[in-house]
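Accompanying notes for the structure given below.
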Amino acid sequence: MNNIVIGVGNLLFKDEGVGIYAAKYLKENFKFDDNLEIIEGGTLGFKLMTYFQEYDNVIILDTVSIEDRAGEIYRLPSDVLLGLGQYRKTAHEVEIVEMLEICSVLDKHAEVTILGIIPEDIVTVEIGLTKTIEDKFEEYITQALKEIETIGSKIEKINNKSVKDIALELIGSYNGEHLNRIPNEEDTTWS
């Protein structure tokens, strides 16, 4: 069986990037069987449809727009997801549901499960997770590992990087040393 975990979201909008952080965290801290691939799908949208057709099981790590307390975690199999109209609030949520609808009429398509966490803030243009989601991140990862085990993949812990370390690696290109070259108001010369 071919299985894939896809972290989706947008790092530029606070908690909207939690799926990306989670995918990178899993890749950095765990070793899985060869039958499991983990990718950071970002905001690829309909380009992810290929994975829905080529793999047996697809686990999507994402935020989920359900009316509940921030940090609550939901496991949504595709059949349940298709019935949740209120889920479709962000652009990639709409695309994921539309891809599931299209794939549901095809002869072969993956079993798709969304592991979603309710975000606190997906509006603010700022890189990094809110404290609420950061505090629930380990629980989210534990749920992701349980989901991976249910599709038959063996898991071995190989590292102990924190979500903060992962975030710094991911956003380093945004907040790296190159910002030192940008002058502040008092200094109008370039260093």
Tell me, do [X] and [Y] make a side-chain contact under 4.5 Å, heavy atoms counted?
{"X": "F13", "Y": "T124", "answer": "no"}
{"X": "L129", "Y": "V18", "answer": "yes"}
{"X": "Y74", "Y": "I118", "answer": "yes"}
{"X": "E134", "Y": "V163", "answer": "yes"}
{"X": "T113", "Y": "R75", "answer": "yes"}
{"X": "L61", "Y": "I20", "answer": "no"}
{"X": "I59", "Y": "I148", "answer": "yes"}
{"X": "I141", "Y": "L26", "answer": "yes"}

Which distance, rounded to the nearest 0.5 Å, do you find between the [atom1] of [X] and the [atom2] of [Y]?
{"X": "L12", "Y": "E126", "atom1": "CG", "atom2": "CD", "value": "11.0 Å"}
{"X": "I127", "Y": "L11", "atom1": "CD1", "atom2": "CG", "value": "7.0 Å"}
{"X": "D62", "Y": "I114", "atom1": "CG", "atom2": "CD1", "value": "6.0 Å"}
{"X": "I60", "Y": "Y51", "atom1": "CD1", "atom2": "OH", "value": "11.5 Å"}

So, does [X] use its side chain to make a donor-acceptor pair with the main chain of [Y] at under 3.5 Å?
{"X": "N3", "Y": "S153", "result": "no"}
{"X": "N10", "Y": "E16", "result": "no"}
{"X": "Y140", "Y": "L115", "result": "yes"}

Less than 4.0 Å between a side-chain N and a carboxylate O, is that true for R69 and E72?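 The answer is yes: the pair qualifies as a salt bridge.
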Suppose we screen for salt bridge (charged side-chain N to carboxylate O under 4.0 Å, His left out). Which residues come up paired with [X], at least two apart in sequence or across chains?
{"X": "E138", "answer": "none"}
{"X": "E120", "answer": "none"}
{"X": "K131", "answer": "D135"}
{"X": "E139", "answer": "K136"}

### Message
Test side chain to side chain contact (heavy atoms under 4.5 Å, CB included) on N57 and V112; report intermediate values, then the result.
### Response
CA-CA 6 Å; N57 293 290; V112 179; over 6 Å; no
- Task: Verify the cluster assignment for V125 and I133: are they in a single hydrophobic cluster under the rule of side-chain heavy atoms below 4.5 Å apart?
- Result: yes
Exercise. Is it the case that D15 and T130 place a side-chain donor and acceptor less than 3.5 Å from each other?
Worked result: yes
Looking only at non-hydrogen atoms, find the nearest pair between [X] and [Y] and report the distance.
{"X": "V123", "Y": "D121", "answer": "N-OD1, 2.9 Å"}
{"X": "V58", "Y": "A110", "answer": "CG2-CB, 3.6 Å"}
{"X": "A70", "Y": "P119", "answer": "CB-O, 3.8 Å"}

Show me, pair by pair, the donor-acceptor contacts under 3.5 angstrom made by side chains of residues 27-38, not counting sequence neighbours?
residue : atom : partner : partner atom : Å
K27     : NZ   : E40     : OE2          : 3.2
E28     : OE1  : K161    : NZ           : 2.7
E28     : OE2  : K24     : NZ           : 3.1
N29     : OD1  : N160    : N            : 3.2
N29     : OD1  : K161    : N            : 2.6
N29     : ND2  : Y25     : O            : 3.3
N29     : ND2  : K161    : O            : 3.0
D33     : OD2  : K154    : N            : 2.8
E37     : OE1  : Y55     : OH           : 2.4

Exercise. Keeping to residues at least two apart or across chains, list the ring pair (Phe, Tyr, Trp, His ring centres under 6.0 Å) pairs with something in residues 113-135.
Key: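 Counting only pairs at least two positions apart or across chains, no ring pair (Phe, Tyr, Trp, His ring centres under 6.0 Å) contact touches residues 113-135.
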